[in-house]
Structure formats: C-alpha cells, structure tokens
Amino acid sequence: MTKNLELLNQRGRSASGLDRVIISPATEKIIACVQDADEKKVNSAVSDAQEAFPLWASKSPAERAGLLFSWANLIEENSARLALLESKNTGKPLKLSQDGDLPFAVDNLRFFASAARVLEAPASAEYATGYLSFLKREPIGPIALITPWNYPLMMAVWKLAPALAAGNSCVIKPAELTPLTTLEIAKLALKAGIPEGVINVVLGGEETGKILTTHPAIKMISFTGDTETGRKIMSQASRTVKRLHLELGGKAPFIVFDDAHLSAAVQGAVVGSFVNAGQDCTASTRLYIHKKVFDRFVTDFLKETKKIKLGLFDNPQTDMGPLISAERRSQVEGFLERAKNVEILCGGDRPSNLKSGFFLNPTVILKAAQNSELVQKEIFGPVVCLLPFKDEAEAVQLANDVEYGLAASVWTSNAQRALRVSSALRFGTVWINDHLPLASETPHGGFNQSGFGKDLSLQALEEFTVVKHVMADMTGDARKPWHYTAFGKK
Ligand code: NAD
C-alpha cells in the first residue's frame with residue numbers, strides 16, 4: 001500500500017488549502033476531514049505504483065491469491081465496523097451495508113483470488129511451419145481506478161480485486177464524498193501483507209481525477225460513474241492512448257406482461273426502484289406495464305411504496321436513507337420541477353418528520369412522455385415512471401429507446417416470450433422475473449452509452465490483462481525460406 005495514504009480526522013486547514021470535510025448525508029454532521037491530493041501527491045502515488053509493479057507482477061498467481069484471501073478475511077473480520085462506516089458516510093440503511101455490500105464484496109474478493117490461478121490464455125500452436133506461437137495474458141502496468149459514491153466499498157473491491165489478481169499495481173481515487181471505507185480497506189490490505197505501493201489511494205474530486213487520468217505512467221483507467229464523466233475521461237486518456245474500462249450510467253426498463261406473477265413483480269419493482277434511494281445504476285426507473293394489468297399494478301405498487309420507511313441508517317426499521325448530498329437532492333428535484341403534464345402519485349417532496357439529512361420521499365410518476373427527460377435521462381434518485389404498453393413489440397421498442405444499455409428486466413410466465421424479449425433487449429444484463437441480483441461469477445457491464453468492459457466474473461479479470469504473442473523459431477535454421485524470398489535471393 002502506500003506512503004500516500006491520507007490521514008483521517010486531520011482537522012483544521014493545511015497550508016495548501018486542500019482540506020475537505022466529509023459529511024454524513026443522514027445527519028449533515030461532519031464525520032471526518034481529509035485532504036485532496038495535489039499534483040505532487042498524485043505523482044508520488046503513481047511513482048510508488050510504478051516501483052511496486054514489477055515485484056507484484058512477478059509473484060506467482062498462488063502467492064497473489066494467498067494475499068488476496070488474507071485481505072478478504074481481514075475485511076470479513078472487520079465487516080461490522082466497515083458496514084457502519086459505509087452507512088455513516090453514505091446514509092444507506094445499515095442492513096444494506098451489513099447484509100448486502102460487505103458480504104458481497106468479501107465474496108467478490110475471494111472469487112478473484114481464486115480466479116488469479118485459472119486465468120486462461122488462448123491456445124499455443126504451430127500456426128506457421130517451423131514456429132511455435134504462444135499467447136500470454138500479462139498485467140498492464142499501474143492502473144488508475146476511479147469509483148463513485150453509491151457503493152463506495154463494493155465499487156473499490158470490484159476494481160481492485162481483478163486488477164490485483166491479474167498482477168497490476170493501482171492508484172485508486174474514491175469519490176470525493178465517500179472516501180472513508182476505501183481508506184480503511186487499503187490499510188487492511190497492507191496488514192494482510194500486500195506489499196507497499198501495490199495499492200495507493202489518492203483523495204479528491206475532478207481535479208485529482210484529471211491529474212491521475214492524464215499521467216503518462218498510468219497504462220489503463222477503470223472508471224465507474226456518470227456517462228458525462230466517462231466522456232471526459234475518454235478524452236483525457238486519449239493523449240497517452242490509455243486502455244479504458246468504463247462502467248457508466250443506466251436507465252433500466254422493467255417490463256411487466258399481463259401473464260406475470262403480479263405481486264412478485266410489484267415487490268421486485270419497489271426494491272428495484274428504491275433500494276439505496278434509487279442511487280443504483282441498475283435501478284428500475286421505467287416500469288412498462290401491459291395495459292390490461294396497468295391499473296391493478298399501479299394501485300398495488302403505490303400501496304407498497306407508501307410502506308417504505310425513511311430514516312437514519314442505524315434504525316433497523318429504516319428501508320431508505322437520504323440522497324448523498326444536498327446538491328444531488330436539488331438535481332433530482334430539478335427533474336420534478338421541470339416535468340410537464342405528469343401526474344405525481346406520491347412523493348416529490350421532502351419528509352416532514354426528518355429535520356436533517358438530504359431525504360426525498362419515494363416518488364411515483366404517471367403520464368411521463370417517452371421522449372421527456374424523466375424517461376430518457378438518469379435521475380439517480382427515488383423517482384420512477386410507470387408507463388403502459390399494448391404488446392410485446394411496443395414494450396421492446398420503448399425499453400430500447402434510450403441512450404443507455406446497462407440493465408433491464410422482463411416479467412412474464414411465458415418462457416418463450418421471456419427468452420424472445422431478453423434477446424431483443426439491448427442491455428448488458430437482462431433479468432427474467434427479477435431485478436438487481438448479481439453474483440461474483442456474472443459479468444456486469446453496459447451496452448451503448450452505459451460504457452464498455454465488464455466488472456465481476458472472469459471477463460473482468462481479462463479486462464486487466466493484455467495479450468502478448470510470443471513466436472519462437474523451432475528450426476534453428478539461419479536460412480529460413482522467407483528471409484530470402486523477402487529480398488529476392490535464392
Ligand atoms: P461521477 O461521474 O460524478 O464521479 C465518479 C468519479 O469520477 C468520482 O470519483 C469523481 O471524483 C471522478 N471524476 C469526476 N470528474 C472526473 C474527471 N474529469 N476525471 C477523472 N475523474 C473524475 O459519478 P458519481 O456521481 O460519483 O456516481 C454516480 C454515477 O455512477 C451514475 O451515473 C451511476 O449510474 C454510475 N454508476 C455506474 C455503475 C455501473 O456499474 N455502470 C455502478 C455504480 C454507479
């Protein structure tokens with residue numbers, strides 16, 4: 001890990017003026033002070049990663065796996081503390097961090113520790129007479145990892161685990177609002193025996209991100225965040241032609257046919273739309289319901305939505321926390337203020353019983369136009385639009401009619417229809433009769449403007465490698481035919 005690890009609870013302003021306070025969005029109280037990394041600190045982190053790279057890359061897969069397993073064990077042992085810190089920093093209910101994010105992150109890490117040992121390269125063969133060709137998968141070099149604030153610890157693990165398993169060293173920059181658990185797991189990595197310099201953490205926002213992603217020694221950028229930021233990163237990476245892995249925004253459709261198990265679909269839609277206060281790139285944001293069951297679905301969905309309890313993360317009754325910041329809440333409210341000719345069935349306002357925190361009530365909207373920004377743009381908050389459709393062709397057409405392509409779901413009891421629709425949907429993940437679940441073995445990544453490359457699965461491990469072709473002469477003949485024909489000799 002790192003000489004550059006920022007100190008927590010470093011109160012007061014520094015000479016550089018780079019101090020940043022970290023606020024709990026549920027209480028609006030300061031929970032930590034950290035420092036943004038300036039150019040000097042970023043350069044120093046990258047140079048530590050460069051120095052550590054050959055050592056880490058030359059470790060056997062078994063050695064790397066062993067260290068990653070030790071790290072996973074330490075994270076698991078500390079999971080109660082980490083879950084609490086994650087919930088404090090994001091405001092999300094503790095049950096979500098404790099029973100969801102932490103166990104999944106530990107499992108992800110163990111999966112990639114094992115995968116390090118079974119990385120496959122394509123065949124070795126004598127493709128040209130007298131030569132043996134073999135193809136190797138090699139680590140790429142120091143990699144910049146940039147993560148968002150919605151699942152800070154899990155997103156850090158999704159990137160660090162495959163990058164390290166494949167033999168790369170890293171500089172990770174967590175989102176400026178939520179750096180705390182990334183700092184903690186980086187400390188645990190050092191304790192687990194992962195050598196200094198293999199994981200480096202730099203803190204800060206866009207400025208730090210720009211310095212990191214334009215650094216010539218960084219060979220690849222793996223980024224999760226907004227599509228607009230992804231576009232900027234593509235351009236920042238272009239000057240030094242860096243490899244890119246982009247996990248960007250989403251606007252998931254949720255299609256319910258009239259033969260679906262309706263109460264399961266309603267329950268799936270409530271969770272899919274409002275988990276993590278809708279701040280989920282795969283959140284179901286557009287519910288397309290067959291017109292025959294539309295009214296019934298709306299009534300039942302509304303009834304279930306109204307049961308959602310907002311509150312503080314450490315209250316076991318809390319289902320939904322606040323948005324991540326005052327600014328993000330204003331942005332979500334902006335969508336609602338600009339909406340025209342819609343019917344807001346519930347929500348759209350702040351809860352009157354919570355005096356602090358960036359809360360917004362779960363919001364259900366009818367009659368949004370397909371071409372309106374409510375249906376086309378990622379809102380990233382607890383806002384969902386319900387829209388009717390008349391037949392399968394129309395459902396597919398409406399679902400595909402956005403610039404994003406991350407995730408979608410189809411709900412039906414007709415197996416052939418489920419397969420037909422899943423095939424027609426242009427999204428990286430399509431669920432049948434569910435919405436949201438993922439496993440360490442399953443690739444997660446977007447089509448279209450939701451980005452390219454995969455998180456999770458063996459595909460993610462391969463993202464962090466580059467294929468090398470080694471071609472060896474097997475004849476020992478200095479007078480190979482092509483050497484002479486190329487220059488016209490006999
Ligand atoms: P964001 O794009 O604002 O920020 C993401 C990260 O990029 C942060 O660490 C930020 O500091 C950094 N950053 C900002 N500008 C940068 C620049 N010019 N150069 C380098 N780094 C820069 O996103 P966010 O608001 O933190 O997260 C929400 C977004 O993340 C949503 O769009 C959501 O859909 C997306 N997301 C996608 C996935 C996925 O798997 N596809 C998963 C989670 C979140």
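Along the sequence shown, residues are numbered consecutively beginning with 1. Start at 1 and go down the list; that is how both ligands and their atoms are numbered.
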Notebook entry, point to check: Can you find a heavy atom in the side chain of F335 that is under 4.5 Å from one in the side chain of K377?
Noted result: yes

Which N/O atoms of ligand 1 sit under 3.5 Å from a protein N/O, and at what distances?
unit_1   : atom_1 : unit_2 : atom_2 : d
ligand 1 : 2 (O)  : D226   : N      : 2.9
ligand 1 : 2 (O)  : T229   : OG1    : 2.6
ligand 1 : 9 (O)  : T147   : O      : 2.8
ligand 1 : 9 (O)  : K173   : NZ     : 2.9
ligand 1 : 11 (O) : K173   : NZ     : 2.8
ligand 1 : 11 (O) : E176   : OE1    : 2.7
ligand 1 : 18 (N) : E206   : OE2    : 3.4
ligand 1 : 18 (N) : Q236   : OE1    : 3.0
ligand 1 : 19 (N) : Q236   : NE2    : 3.0
ligand 1 : 23 (O) : D226   : N      : 3.4
ligand 1 : 25 (O) : W149   : NE1    : 2.8
ligand 1 : 26 (O) : W149   : NE1    : 3.0
ligand 1 : 32 (O) : D226   : OD1    : 3.4
ligand 1 : 32 (O) : E378   : OE1    : 2.6
ligand 1 : 34 (O) : E378   : OE1    : 3.3
ligand 1 : 34 (O) : E378   : OE2    : 2.5
ligand 1 : 40 (O) : H444   : NE2    : 2.9
ligand 1 : 41 (N) : L248   : N      : 3.4
ligand 1 : 41 (N) : L248   : O      : 2.7

Notebook entry, point to check: Measuring from S440:OG to L456:CG, what's the distance to the nearest 0.5 Å?
Noted result: 6.0 Å

Notebook entry, point to check: Who pairs with R110 by salt bridge (Lys or Arg N to Asp or Glu O under 4.0 Å), at least two apart in sequence or on another chain?
Noted result: E76

Next item on the list: Would you list the pairs meeting side chain to side chain donor-acceptor pair (under 3.5 Å) in which at least one residue belongs to residues 424-436, sequence neighbours left out?
Entry: S409-H435

Checklist line | Contacts of type salt bridge (Lys or Arg N to Asp or Glu O under 4.0 Å), residue K232, not counting sequence neighbours | finding: E206

Margin query: The test is salt bridge (charged side-chain N to carboxylate O under 4.0 Å, His left out); show your working for E176 and R20 and say whether it passes.
Written below: CA-CA 8 Å; E176 57 271 41; R20 183 186 286 278; 5.3 Å; no

